[in-house]
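Starting from 1, each residue takes its place in the sequence as its number.
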Amino acid sequence: MSAPNAGDTAWVLVCAGLVLFMTPGLAAFYGGMVRTRNVLAMLQQNMIALGVVSLTWVLVGYTIAFGDDAGSGLFGNLELFGLTDLKVPPAPNLHVVDGRITIPTLAFVLFQMMFAVITPALVTGATAGRLKFGGWVLFLAVWSIVVYAPIAHWLWHPGGWLAKFGTQDWAGGLVVHASAGAAVLAVLLVVGRRRDWPHTAAPPNSIPLTIVGAGILWFGWFGFNGGDGLQANGLAAQAVLNTHLAAAAAMLVWLALERVTDGHSTVVGAVSGAVAGLATVTPTAGYVNAASAVAIGALAGLVCHFALKLKYLLRLDDALDVLAVHFVGGMLGTLLLGLFGNRGVNPLGADGLFLGGGGGLLWRQLVGVVSVVAFSFVLTWLIAAGVQALIGLRVPPADQERLDQAQQGADAYHLGGVTSLTAPGAPRRRTAAAPAGAPAVPPGQRVRVVTALLEPDPAANSADLRDALLRAGAISVIVSDAAVATTTPQASLLPRGYWQDQPLSARLRVTVLVGADGVGAVLDELDRMGARRSDTFVQEAERVQP
């Protein structure tokens with residue numbers, strides 16, 4: 001048996017790192033699209049997979065997926081339990097995958113571990129706002145062993161029954177995306193819908209965070225698809241190129257459809273299309289040429305965009321459209337391989353229908369899709385229902401809109417409309433001298449409290465607001481966040497073409513303490529800043545004893 005190839009080993013290890021990076025990328029991608037009070041919970045639901053699934057993979061997942069076939073093609077034996085014995089190593093004590101692919105076995109273990117980690121994490125986008133943390137951890141552990149590892153054996157082990165049947169899956173259209181998508185269907189049946197869905201939409205808390213996450217996913221996908229040949233060669237370059245081209249084509253098609261259907265081409269639509277293209281090209285990346293990758297990406301942008309309606313047809317509360325992007329994308333790409341497969345790109349592949357190979361490969365791909373989806377759905381439902389009955393998988397309805405506080409006792413953000421007001425001047429250190437204050441009022445003197453509501457924009461500069469009111473005679477100024485009911489709800493655009501009517505609008509509440517003779521000047525200044533007299537109140541008050 002040959003010694004490991006240094007270049008191939010380095011490439012696979014780099015790809016393992018890229019795929020690992022995708023998990024925090026997915027956390028950011030999802031985290032930006034949930035409500036402000038659920039951000040930390042979403043981030044943790046994704047990041048915990050790195051801890052839980054990494055250990056289940058080393059203990060038992062790897063041997064089920066890649067141990068010697070137990071004889072049925074369904075799963076491997078347990079000889080590699082805990083990686084305590086990777087078979088007798090050849091001299092000079094080097095483990096290699098096989099004679100053709102000469103990388104250390106442990107490099108292969110690490111690379112495949114990262115796929116096992118990110119696959120169940122995809123589920124969290126669909127179940128946003130509903131997962132109990134302890135139940136999710138238990139679900140992760142069981143699912144990674146009972147569902148993911150056998151499916152990986154079926155398709156990626158030479159003795160797997162789908163591999164011997166001839167079904168192909170380059171990097172996870174079935175093993176990752178279809179299996180996770182079927183799991184989404186099952187878990188949603190167990191955890192149910194969010195309160196008031198579909199009548200209440202959840203606005204994203206940080207679209208920039210989502211875009212950063214999408215960029216990390218795109219970057220990491222080069223390792224996701226580029227490393228599956230386990231060699232640093234021309235096929236790896238083809239897979240990486242195909243990955244990028246499909247994402248680019250899907251992005252443009254999605255944006256064009258958004259423009260036609262919604263009137264706007266949005267940045268969230270751009271990254272949604274790109275991720276759909278990435279998911280769709282995944283099973284084909286090492287089996288098709290560049291032109292086919294562009295066509296696959298374009299079809300992904302078209303089909304996955306219209307698949308956004310799928311959750312309403314199925315009456316399933318898929319919060320972040322995992323079904324449309326990953327489930328539909330993974331199945332679509334798997335079937336498209338039956339059309340675009342090209343043995344000229346990869347001799348280990350097969351020609352598809354469009355390359356003169358007939359319908360044989362398409363049939364084998366269809367069998368793979370049905371088998372994986374059915375197996376994942378049934379087993380996932382049993383696992384999710386068991387966890388729900390044992391320790392609970394769904395959070396109480398009262399906690400759905402405050403998971404960060406309920407599960408972590410913390411908030412992701414501590415900035416409101418008041419603290420985000422600007423002020424002139426460069427940042428500077430605090431000095432010992434106190435700033436000049438407002439005129440003092442003797443205790444017991446009668447004063448007035450003026451309360452008004454302002455639009456945030458006219459009062460954007462905190463120094464200007466303070467100085468103007470002090471000049472008008474204010475003794476003290478307090479600014480706080482407020483929301484007012486509107487007779488005409490304000491329509492706001494949500495990700496992926498969804499809209500919601502918001503009946504409450506953000507305002508700043510300004511409370512001013514002023515002497516009786518200064519009330520008129522303060523009211524005039526507030527009028528200049530956009531306050532309406534109908535929303536302004538003047539009350540008598542008395543300065544309390546210190």
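Closest of all the heavy-atom pairs between Val117 and Ala49 is O-CB, 3.6 Å. Scanning both residues, Leu255 and Ser265, for their nearest heavy atoms gives O-OG, 3.0 Å. The minimum heavy-atom distance between Gln407 and Val395, with the atom names listed, is NE2-CG1, 3.6 Å. When all heavy atoms are compared, the tightest approach of Trp11 to Gly226 is NE1-O, 3.1 Å.
Asp404 contributes no side-chain N or O that, together with a main-chain N or O of Asp411, makes up a donor-acceptor pair within less than 3.5 Å. Side chain of Asn242 to backbone of Val288: a donor-acceptor contact under 3.5 angstrom is found. With hydrogens and angles disregarded, no donor-acceptor distance shorter than 3.5 Å links the side chain of Thr280 to the backbone of Gly277. Remark: side-chain polar atoms of Asp169 are paired, donor with acceptor, to backbone N or O of Leu174 under 3.5 angstrom. Using a distance-only test at 3.5 Å, with no hydrogens or angles considered, no donor-acceptor pair links the side chain of Gln112 to the main chain of Tyr62.
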Dump the intermediate steps for side-chain contact (heavy atoms from CB on, under 4.5 Å) on Val303 and Val328, then the final yes or no. CA-CA 8 Å; Val303 174; Val328 171; 3.9 Å; yes
Please step through side chain to side chain donor-acceptor pair (under 3.5 Å) for the pair Trp161 and Ser72, ending with a clear verdict. CA-CA 7 Å; Trp161 77 274; Ser72 59; over 6 Å; no
One pair to check against ring pair (Phe, Tyr, Trp, His ring centres under 6.0 Å): His244 and Trp221. What are the steps and the verdict? CA-CA 9 Å; His244 186 72; Trp221 229 294; over 10 Å; no
With side-chain contact (heavy atoms from CB on, under 4.5 Å) as the criterion, how do Ile101 and Asp8 come out once you've worked through the C-alpha distance, each side chain's angles and the decisive distance to 0.1 Å? CA-CA 8 Å; Ile101 300 174; Asp8 293 343; over 6 Å; no
For Tyr413 and Asn205, run side chain to side chain donor-acceptor pair (under 3.5 Å): C-alpha distance rounded to whole Å, both residues' side-chain angles, the deciding distance at 0.1 Å, then the answer. CA-CA 10 Å; Tyr413 305 111; Asn205 75 90; 2.6 Å; yes
Anything under 3.5 Å between a donor and an acceptor, one on a side chain of residues 175-191, the other on a protein residue two or more places apart or in another chain? List them.
from, atom 1, to, atom 2, distance (Å)
His177, ND1, His326, ND1, 3.3
Ser179, OG, Val175, O, 2.5
Ser179, OG, Val176, O, 3.1

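For Phe165, the CZ atom sits in a packed shell: over 12 heavy atoms of surrounding residues, nucleotides or ligands are nearer than 6.0 Å.
Checked against the 6.0 Å centroid criterion, the rings of Trp136 and Phe133 do not qualify as a close aromatic pair.
The ring-ring contact (aromatic ring centres under 6.0 Å, His included) analysis of residues 97-122, with sequence neighbours excluded, yields the pairs Phe66-Phe108, Phe111-Phe115, Phe115-Trp156, Phe115-Phe224.
Residues forming a salt bridge (Lys or Arg N to Asp or Glu O under 4.0 Å) with Asp317 (at least two apart in sequence, or on another chain): Arg130, Arg194.
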